[in-house]
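What follows is a set of notes on a single structure, which appears directly below.
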Amino acid sequence: MTDLHEVTETRQPDGGPGDWRLGPTWLLRVAGQPAARAAALRTPAAVAWTEDVFAAEAERDRVGEIFRLALETAISGLGPEDSGRITLINLRRDVFNARRPRPVIRERAQAALPEVSWVWAERWIAAVERLAELRAAGPGILTDEVAKVRAEARLLLDDGKLRSAVLLQSEVLEKNMDRYLDPTRKLDKSGRQVERTLLELLYRAALKTSPFSTLTSVGLGEFRTDSVRRRPEPASLRQQSTVRLNIAVLARLSAVILADPVLRSGLRVTLAPGASTDGETMRYVRRRTALGNDPDAVVAIDSVHEDLFFLPSGPVLAEVAELTRDVSLPLHELAAQLTAAADRGRAEVDQLLGHLLRLGFLLAPDLQIDLRAAEPTVRFVAALRTQDNKVLKATAELLAETLSLVGSYRETSPRGRAAVLAQIKQRVSAAFETVGGPLEAVPRTVLYEDTTVTGAGLDIDASRWDQEVLPVLADLADVLPAFDLNLPRRLTAKGFFVARYGAGGTCEDVVRFCHEFQRDFFDPYSQRAMRRRQFDDDNAFVPQENWFKLADIEAVDRARELASTYLRDRKAAYGPDAEEIQLGSGFVEQVRSALPPGRQLAQPWSFFVQVADEGGDGAGRLVLNQAYAGLTLMFSRFAHSLEDGGVPAQRLIRDTVRGYAPDGAVLAELRGGYETTNLNVHPVVTDYEIVCPGDAPTRPAEEQIALADLYLLHDPEADRVRLMSARLGREVIPVYLGFLMPMALPEIQQVLLCFSPSGMAQIDLWAGTGDPVPAEGITSYPRLMLGELVLQRRMWKLSTDVFPFRDTRHSDAEHLLRVQRWRREHGLPRRLFAQTDSGAARSPGDDADHAGPDRKTGRKPLPVDFDSWLSLVLLEQLALGATNRIVLTEANPDVDQLWLRDEEGSPHVSELLLELYDTGRDSDDR
């Protein structure tokens with residue numbers, strides 16, 4: 001076994017920082033409120049009172065034990081008939097039950113006890129009375145302090161930046177803010193609910209870094225050789241706002257217009273990309289969209305599906321395809337030509353064309369959303385204005401007015417924003433009414449707001465981070481394939497291809513391959529994979545489904561199993577009371593050596609990390625929050641907003657992506673199929689785009705790669721399936737740079753990403769190690785270290801039946817005592833984060849409410865401060881909503897380790913998003 005305190009300096013010849021490089025740019029995420037705002041909600045006097053009570057209890061018990069022994073000695077010296085014996089036995093019972101004896105017992109006991117023993121009796125009685133006095137004082141102390149803290153909370157919540165976020169979170173909540181902020185109003189049940197919601201947002205704004213409106217800002221920085229900064233030092237944390245209309249508004253208006261025969265008649269239509277004749281049928285890929293109507297979601301994300309579809313061919317369908325394959329015609333002109341070409345009725349032709357639009361065989365490019373535009377609504381309005389239909393022109397003017405209001409929204413004071421938002425919603429609703437659409441289709445959220453920080457100080461010393469940070473991140477990147485949820489999909493796609501077409505084989509029909517792979521293999525494989533448990537009840541590893549007997553999947557399974565068995569041994573060596581376990585270089589070497597050889601698994605990674613300031617002149621200790629795919633995926637969404645702030649974000653991001661394209665290959669972006677969410681809106685950053693079914697591309701023709709131009713071939717030497725462009729004669733590497741998880745994308749794009757270096761790591765090291773011995777239903781997990789990187793924070797898991805819920809018979813002070821006692825008994829830190837262990841995520845970036853729920857839980861992590869009564873109220877509300885377990889995680893770094901400060905010198909919670917690129921792919925050395 002390796003030494004318990006080894007670090008990650010020893011390296012295998014096939015791994016190390018030389019195989020990896022830090023990306024030239026990084027993203028800073030900054031909490032919108034100073035951390036001191038959360039500290040101001042503490043109730044220190046009440047907490048100090050609980051400490052006094054615990055100290056008094058300890059003193060009572062200490063003196064009581066001495067007194068009890070004295071009583072035992074005295075009782076043993078008395079005969080059965082001695083009248084004092086019963087008195088002393090009763091007194092001993094009072095000591096055991098920690099209650100004050102009755103006066104008559106005290107009087108008789110004093111006469112029956114030696115003087116030296118009665119001294120301890122007096123001390124014990126004084127301790128009991130002191131404790132009773134303390135307990136009696138508790139309710140008043142807590143009530144007075146909560147009143148003062150509640151007044152302070154009202155001052156903190158009466159903040160313009162916070163109000164702006166509240167408005168986009170819930171207009172109803174924003175309307176109720178002033179009622180709560182009025183100190184003359186009685187705090188009723190409704191007011192307490194408003195308070196809890198507002199305080200949760202305040203805690204989140206002060207202690208978390210999930211971009212949403214003004215709750216968190218982002219800034220783009222660079223590693224520079226001429227910088228001397230060890231960490232970012234922004235000259236200002238002043239937030240700059242960018243506000244855009246939710247493009248779901250446009251997508252849903254488009255659907256309503258296309259469903260109306262009169263409104264759509266003047267729209268240009270074109271054939272769906274890739275549609276072709278297949279025997280007696282017309283083959284194409286149909287894209288279907290279903291509205292997301294989750295009433296609890298701030299943003300309901302529509303679902304999109306793609307499947308290979310066949311229509312019976314015939315003269316009319318063939319003529320439609322011929323007329324619209326290379327040109328776009330107004331729908332009424334297409335109908336006229338079809339009617340004139342044969343003895344067909346116009347009504348029959350119009351009905352047919354309506355069906356073809358509904359089925360996605362025909363597309364209306366004018367109504368497609370330009371996801372690469374800084375403001376997609378501008379192009380949409382321009383397209384509607386070109387129409388002769390008065391209804392569409394009126395709709396265009398309503399949207400133009402909406403855009404104008406959106407532009408003024410940013411400059412409006414926080415208190416005035418609600419009125420502007422109401423006008424925006426009124427115009428949007430009027431647009432739906434104008435085209436005859438149902439008001440239920442109007443999205444709940446009509447605006448997206450991002451806030452950025454820009455200016456000087458967003459560059460750091462590249463050489464320092466190469467020396468201090470790169471080595472440990474390189475170690476982590478080397479072992480991530482063992483935890484990559486996407487890697488098995490990529491490997492099985494290769495296995496399916498080789499089984500179908502043979503080693504060195506070629507497939508000219510990419511669409512059919514995608515369809516057959518999805519239908520015959522991928523769907524059932526994915527369903528079985530979702531049900532699979534990595535380890536059974538006996539902590540034995542359960543191998544993945546390996547239908548093609550691939551050695552690479554066996555190797556990944558072996559690496560994953562080794563990771564847990566290694567930790568199991570480390571845990572045994574450190575002992576059950578360890579708070580921290582150092583994994584060391586042995587962990588990296590064992591896992592890395594078990595993975596498949598070569599560099600075919602290497603890919604860019606992004607790491608969400610926090611930096612803990614521990615003094616000294618180094619960069620600081622890194623704490624890992626999450627590992628995900630790279631290639632700017634996790635921050636290119638903010639490029640438009642950063643550009644508005646004067647940062648050359650688009651150029652920096654484009655240069656970063658282009659710099660990774662291997663020699664002889666091109667990167668080509670997939671749009672993601674979703675034109676109903678701003679999470680896919682970002683500028684052009686790749687040289688090419690793959691035109692998928694349902695896409696109406698706006699890029700120049702030379703930058704488009706049609707699915708029909710692509711083919712697949714297996715490279716036996718590298719044992720890789722390459723996606724190739726016949727026109728370019730080069731390998732095409734598909735990349736998706738939106739914020740949705742790959743498994744949420746349309747089916748064809750999911751399959752194409754199997755030939756892309758895109759990963760999603762879920763580092764669940766504790767699985768398969770065997771839980772520590774539960775302590776009354778709570779299981780604790782030590783902090784895991786990889787060198788100087790906190791790979792996983794200390795953690796506690798508990799079932800809801802052991803949570804200290806409020807007993808209605810207890811006062812607030814008694815409940816506070818119970819909760820603080822529970823915290824002390826289980827060794828919980830004063831500050832931590834709590835989550836309910838249920839649900840799943842659609843978004844990788846923990847990107848607040850625009851992105852859906854957290855990646856592993858049903859709601860966001862809640863900052864918890866045991867020194868605050870108000871925070872404990874929020875914790876109980878979270879626990880009441882839990883259906884399974886509650887997960888508690890230490891606050892690491894804690895508030896005393898924060899290093900980023902605003903202009904007033906107030907510390908802010910921050911997070912850095914770093915990217916790592918494998919140099920083997922840079923040089924095409926595969």
### Task
Taking the six-membered ring for Trp and the single ring otherwise, decide whether the centroids of Trp822 and Phe803 are under 6.0 Å apart.
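When the ring centroids of Trp822 and Phe803 are compared, they turn out to be within the sub-6.0 Å range.
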
Does the distance from a Lys or Arg side-chain N to an Asp or Glu carboxylate O, for [X] and [Y], drop under 4.0 Å?
X	Y	answer
Glu51	Arg830	yes
Arg560	Asp764	yes
Glu57	Arg60	no

Does [Y] offer a backbone N or O that forms a donor-acceptor pair with the side chain of [X] under 3.5 Å?
X	Y	answer
Thr769	Trp766	yes
Arg532	Val542	yes
Arg231	Ala619	yes
Glu890	Arg794	yes
Thr216	Phe212	no
Lys208	Pro861	no
Ser217	Val30	no

### Query
Parallel, tilted or perpendicular for Phe223 and Trp465, by the 30°/60° rule?
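Tilted.
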
### Task
Assess Arg818 against Phe805: is NZ or CZ under 6.0 Å from the centre of the six-membered ring, and within 45 degrees of the ring's axis?
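No, Arg818 does not sit over the ring of Phe805.
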
### Query
When rounded to the nearest 0.5 angstrom, what is the spacing between CD in Glu788 and CD in Gln582?
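Glu788 CD to Gln582 CD: 7.5 Å, rounded to 0.5 Å.
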
### Query
Knowing that exactly one of Val479, Val588, Leu624 qualifies, which makes a side chain to side chain contact (heavy atoms under 4.5 Å, CB included) with Leu786?
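So the option named by the test is Val588.
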
